[in-house]
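The block underneath contains the structure these notes are about, expressed in structure tokens.
Just follow the structure's listing: the first ligand is 1, and inside any ligand the first atom is 1.
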Amino acid sequence: MHIPVLTIDGPSGAGKGTVSRLVAKKLGWHYLDSGSIYRSLAIALLKQSADLANEAEIIKVAQAMALEFDCGDELVVKLNGEDITDQLALESTGNIASQIAALPGVRRGLLQKQQNFRQLPGLVADGRDMGTVVFPDAENKVFLTASSAKRAERRYKQLIEKGIDANLVNIMNEIEERDRRDMERKTAPLAMASDALYIDSSDLAIEAVVEEVLNLIH
Ligand code: DC
């Protein structure tokens, strides 16, 4: 049975999460936030005080972790039964996620976990390599980006709204460093699939982006 997939790739803070959730809701499809899988692994490693330089140890932790996703209005994630949702959004979690995501064995180890989300009636998958590596046969692909200044501003607002202390200049520096790492890594770097629709959301409202993506599907 063929299961349709829409992939939305792009750098952090481009609005992928919000757009993907809204589009998935409109279509009644499942939603995969692949970044949260790498983030969950980062948290699992911190909890076990694992050596971040030891790829074999990281892969072991990746294989052993039991993740549960509850994709209601807000994503709730449980790691080995414990709710880790609040820790997922932290910049420090994102930075470790980006570091371990550069390891080829870690990416291979997490591939099946991501592909398991492909279930009827369809899937919206958000990440860096959804259209290039995880679901290369997806019939609809989007590459969503925005200037780093706009992305830093959005991330700052998100964190403040969640009551997390934040500094705009630090966020901008971290975003640029993370972009560099995600784009320059050898395995599955952040890159636009040749058959993806390019959308720059710097000056677009979320609703406009959602409409453009839905037009692509229909
Ligand atoms: O989308 P995010 O900010 O939650 O992702 C956190 C990190 O995880 C990101 O900096 C790189 C990594 N990641 C990845 O390598 N591939 C994906 N498909 C999603 C995330």
| task | May I ask whether V124 and L22 are part of the same hydrophobic cluster, defined by side-chain heavy atoms of I, L, V, M, F, W, Y residues being less than 4.5 angstrom apart, directly or through others? | result | yes
| said: Let's go through R155 and Q158 carefully: what are the C-alpha distance in whole Å and the side-chain angles of both, what is the deciding distance for side chain to side chain donor-acceptor pair (under 3.5 Å) to 0.1 Å, and is it a yes or a no? | reply: CA-CA 5 Å; R155 182 70 91 198; Q158 263 176 11; 3.2 Å; yes
Close N/O pairs between ligand 1 and protein, under 3.5 Å:
{"residue": "ligand 1", "atom": "1 (O)", "partner": "R128", "partner atom": "NH1", "Å": "2.8"}
{"residue": "ligand 1", "atom": "1 (O)", "partner": "R128", "partner atom": "NH2", "Å": "3.3"}
{"residue": "ligand 1", "atom": "3 (O)", "partner": "R39", "partner atom": "NH2", "Å": "2.9"}
{"residue": "ligand 1", "atom": "3 (O)", "partner": "R128", "partner atom": "NH2", "Å": "3.3"}
{"residue": "ligand 1", "atom": "3 (O)", "partner": "R178", "partner atom": "NH1", "Å": "3.1"}
{"residue": "ligand 1", "atom": "4 (O)", "partner": "R39", "partner atom": "NE", "Å": "2.6"}
{"residue": "ligand 1", "atom": "4 (O)", "partner": "R39", "partner atom": "NH2", "Å": "3.4"}
{"residue": "ligand 1", "atom": "10 (O)", "partner": "R178", "partner atom": "NH1", "Å": "2.9"}
{"residue": "ligand 1", "atom": "10 (O)", "partner": "D182", "partner atom": "OD2", "Å": "2.9"}
{"residue": "ligand 1", "atom": "15 (O)", "partner": "R107", "partner atom": "NH1", "Å": "2.8"}
{"residue": "ligand 1", "atom": "15 (O)", "partner": "R107", "partner atom": "NH2", "Å": "3.4"}
{"residue": "ligand 1", "atom": "15 (O)", "partner": "R185", "partner atom": "NH1", "Å": "2.9"}
{"residue": "ligand 1", "atom": "15 (O)", "partner": "R185", "partner atom": "NH2", "Å": "3.1"}
{"residue": "ligand 1", "atom": "16 (N)", "partner": "R107", "partner atom": "NH2", "Å": "3.0"}
{"residue": "ligand 1", "atom": "18 (N)", "partner": "S34", "partner atom": "OG", "Å": "3.0"}
{"residue": "ligand 1", "atom": "18 (N)", "partner": "R128", "partner atom": "N", "Å": "3.0"}
{"residue": "ligand 1", "atom": "18 (N)", "partner": "D129", "partner atom": "OD1", "Å": "2.9"}

| request: State plainly whether the residues D70 and K78 are in salt-bridge range, i.e. N to O under 4.0 Å. | output: no
| Quick one: do the N95 and E91 side chains pair a donor with an acceptor below 3.5 Å? | no
| said: Assess the residue pair T93 and Q87 against the criterion (side chain to side chain donor-acceptor pair (under 3.5 Å)); give the C-alpha distance rounded to whole Å, side-chain angles, the decisive distance to 0.1 Å, and a yes or no. | reply: CA-CA 7 Å; T93 305; Q87 298 157 62; over 6 Å; no
Check: residues 36-47 side-chain donor-acceptor pairs under 3.5 Å, at least two apart:
{"residue": "S36", "atom": "OG", "partner": "D33", "partner atom": "O", "Å": "2.7"}
{"residue": "Y38", "atom": "OH", "partner": "R107", "partner atom": "NH2", "Å": "3.3"}
{"residue": "R39", "atom": "NH1", "partner": "L88", "partner atom": "O", "Å": "2.7"}
{"residue": "S40", "atom": "OG", "partner": "S36", "partner atom": "O", "Å": "2.6"}
{"residue": "K47", "atom": "NZ", "partner": "E82", "partner atom": "OE2", "Å": "3.3"}

